Amino acid sequence: METLLDRAHLDRQTFGDADLAREVLGLFSEQCERLTPKLADPDLAPGTRADLAHTLKGSALGVGAARVAALAGQLEAALRTGEGGTARSLEPALAQAVRETLALL
């Protein structure tokens with residue numbers, strides 16, 4: 001299973017700057033809180049939700065949130081290929097990974 005938060009990766013991304021790391025994690029947290037509910041919104045078009053999952057995946061990769069990145073990538077792929085059942089099954093796992101990751105911040 002993927003790591004929730006790779007602090008060594010985050011340290012490399014922020015050049016060892018603790019203040020920058022806190023700022024980046026704050027932005028990641030805000031993005032998670034804004035995007036996660038939309039990812040499970042059946043009123044949004046699958047393509048829109050796939051774009052949101054792609055955004056979350058990139059953000060998660062940037063901070064070292066590997067589990068969130070992997071699940072967001074799987075959700076993006078399912079939405080882009082029309083696999084609604086797979087997408088619905090991934091949504092709770094992604095939401096849980098987001099919660100667990102944010103709890104570490």
Side-chain angles (χ1 to χ4, degrees):
M1 186 175 281
E2 296 85 3
T3 304
L4 282 174
L5 186 61
D6 182 345
R7 297 233 181 234
H9 175 82
L10 178 62
D11 191 52
R12 287 189 302 277
Q13 292 295 99
T14 58
F15 310 103
D17 184 327
D19 290 334
L20 180 57
R22 276 191 295 279
E23 183 178 341
V24 168
L25 288 173
L27 293 171
F28 173 69
S29 176
E30 290 171 8
Q31 191 171 52
C32 284
E33 291 173 8
R34 189 178 75 252
L35 295 181
T36 302
K38 293 179 182 179
L39 291 171
D41 184 348
D43 292 333
L44 290 178
T48 299
R49 291 171 52 215
D51 290 345
L52 296 173
H54 181 80
T55 298
L56 182 58
K57 176 181 73 174
S59 181
L61 287 171
V63 300
R67 191 174 310 164
V68 170
L71 289 166
Q74 291 171 30
L75 178 59
E76 176 189 7
L79 290 165
R80 293 207 191 282
T81 58
E83 298 174 32
T86 300
R88 281 187 298 281
S89 72
L90 288 166
E91 291 163 2
L94 177 55
Q96 179 67 29
V98 166
R99 282 190 301 275
E100 290 174 2
T101 302
L102 294 182
L104 296 175
L105 307 186

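Each residue takes its place number in the sequence, starting with 1. When reading the values below, keep in mind they use all heavy atoms of this one structure, side chains included, and skip hydrogens, waters and symmetry mates. All figures in this text were calculated on a predicted structure; none of them were measured in a lab.
Of all heavy-atom pairs between Ala60 and Val68, the closest is CB-CG1, 3.8 Å. Residue Gln96 comes nearest to Arg99 through the heavy atom pair OE1-NH2, 2.5 Å, listed as atom of the first residue, atom of the second, then distance. When every heavy atom of Leu52 is checked against every heavy atom of Lys38, the shortest pair comes out as CD1-CB, 3.6 Å. The shortest non-hydrogen separation linking Asp19 to Asp17 is N-OD1, 3.0 Å.
The structure places CZ of Arg12 at 6.0 Å from CG of Asp6, a figure rounded to the nearest 0.5 Å. Put simply, OG1 on Thr36 and CG on Asp41 are 12.5 Å apart, with the number rounded to the nearest 0.5 Å. Of the inter-residue distances, the one linking Gln74 atom CD with Leu79 atom CG reads 12.0 Å to the nearest 0.5 angstrom. To the nearest 0.5 Å, atoms CD (Glu33) and CG (Leu102) are separated by 6.0 Å. The CG atom of Leu10 lies 5.0 Å from the CG atom of Leu25; values are rounded to the nearest 0.5 Å.
Residues Leu105 and Leu35 fall within the same hydrophobic cluster, defined by Ile, Leu, Val, Met, Phe, Trp and Tyr side chains chained together at heavy-atom separations under 4.5 Å. Clustering ILVMFWY residues whenever any of their side-chain heavy atoms sit less than 4.5 angstrom apart, transitively, puts Leu61 in a cluster other than the one holding Leu56. In terms of hydrophobic clustering, with Ile, Leu, Val, Met, Phe, Trp and Tyr side chains grouped at heavy-atom distances under 4.5 Å, Leu5 and Leu20 are assigned to a common cluster. Taken together through direct or relayed side-chain contacts under 4.5 Å among Ile, Leu, Val, Met, Phe, Trp and Tyr, Phe15 and Val24 form parts of separate hydrophobic clusters.
Salt bridge present: Arg80 and Glu76 bring a charged side-chain N and a carboxylate O closer than 4.0 Å.
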Exercise answer: donor-acceptor pairs, residues 86-95 side-chain atoms, under 3.5 Å, sequence neighbours excluded:
from: Arg88; atom 1: NH1; to: Gly84; atom 2: O; distance (Å): 3.3
from: Ser89; atom 1: OG; to: Thr86; atom 2: O; distance (Å): 2.7
from: Glu91; atom 1: OE2; to: Arg49; atom 2: NH2; distance (Å): 2.3

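Looking at heavy atoms from C-beta onward, Val63 lies out of side-chain contact with Thr101 at the 4.5 angstrom threshold. The shortest side-chain heavy-atom distance between Leu71 and Val98 does not fall under the 4.5 Å cut-off.
When the shell of 6.0 Å around NE2 of His54 is examined, it contains 12 or fewer heavy atoms from other residues, nucleotides or ligands.
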